[in-house]
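Right, one structure below, let's go through it.
Owing to the predicted nature of the structure, the values given are computational and were not obtained by experimental measurement. Atoms considered below: every heavy atom in the structure, side chains included; atoms not considered: hydrogens, waters and symmetry mates. Start at 1 and go down the list; that is how both ligands and their atoms are numbered.
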Amino acid sequence: MRLNKFMALAGVDSRRKCDEIIAEGRVRVNARVVKKLGTQVDENRDLVTVDNKPIRLKGEYIYLMLNKPVGTVTTVIDPQHRRTVMDCLPKLNKRVYPVGRLDYNTSGLLLFTNDGDTAQKLIHPKYEFEKTYTAVINGSLTDEQISMLRNGVDIGDFITSPARVELVGSSHGQSTFQVTIHEGKNRQVRRMFESVGSKVEVLKRIAYGKLKLGDLPVGHTRPLTEDEIKYITSL
Ligand code: URA
């Protein structure tokens with residue numbers, strides 16, 4: 001396929017504009033700058049980058065967001081035959097996998113894709129993707145406990161890095177905190193609250209980087225928007 005067609009199908013711009021981008025020396029095929037118009041690429045084998053960002057044909061990959069219900073395991077197959085997050089997905093003609101995991105008792109934003117490279121980047125600590133949760137506890141926390149959570153706490157095998165922790169509501173003797181962390185240690189938010197002598201009763205992830213759960217109902221799935229896909233695939 002001609003390079004400008006490949007670029008247009010990948011959503012870079014119109015074919016004519018893609019020719020200009022090629023002539024400007026901004027396109028590489030397998031790491032080599034290509035300026036010759038009419039260059040052919042093999043869409044299955046060649047790595048094409050524009051301004052050093054890989055581009056890919058649309059339609060090849062699926063990106064979904066699920067509002068994971070409490071009581072589902074983040075795994076593809078559960079040997080104990082519990083309900084898994086895969087049971088929450090609609091029928092798809094491609095196999096997708098969850099990106100990272102949420103605990104059995106945690107609800108909220110969970111991504112699925114068949115784009116392994118992007119999934120690896122999303123969970124890699126190097127990219128420090130912010131994850132935001134709402135955590136409900138019985139009672140409240142003192143200013144000192146909140147400062148400890150913000151500054152970093154020892155959760156056993158790890159000292160957490162600074163986090164954003166804000167009280168966002170309280171009613172019926174319970175308090176709701178919004179917590180934003182960069183790491184993704186096992187049961188991290190629950191263990192952070194445990195380390196200051198509290199216990200998370202309800203935990204929900206509401207954002208993953210710039211991706212927001214919004215009002216997606218529990219147990220429902222939606223495809224990511226073009227902008228959301230651009231954001232996660234241009235890491
Ligand atoms: N922190 C937790 O404690 N549980 C999750 O599922 C995610 C973050």
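Side-chain rings of F129 and Y208 approach one another, their centers coming within less than 6.0 Å.
Between D78 and R82, at least one side-chain N (NZ, or NE/NH1/NH2) sits under 4.0 Å from a carboxylate O, which counts as a salt bridge.
Sorted by chain and number, the heavy-atom contacts of ligand 1 below 4.0 Å come from L102, D103, T106, Y133, R187, Q188, V189, R190, L203.
Residue pairs satisfying the salt bridge (charged side-chain N to carboxylate O under 4.0 Å, His left out) criterion with at least one member in residues 161-174, sequence neighbours excluded, are listed as follows: E130-R164, R150-E166.
The side chain to side chain contact (heavy atoms under 4.5 Å, CB included) test applied to D115 returns R56, Y61, Y63, T113, D117, T118, T233, not counting sequence neighbours. Residues passing the side chain to side chain contact (heavy atoms under 4.5 Å, CB included) test with N30, sequence neighbours excluded: D46, L47.
Between the D103 side chain and the N105 main chain, no donor and acceptor come within less than 3.5 Å of each other.
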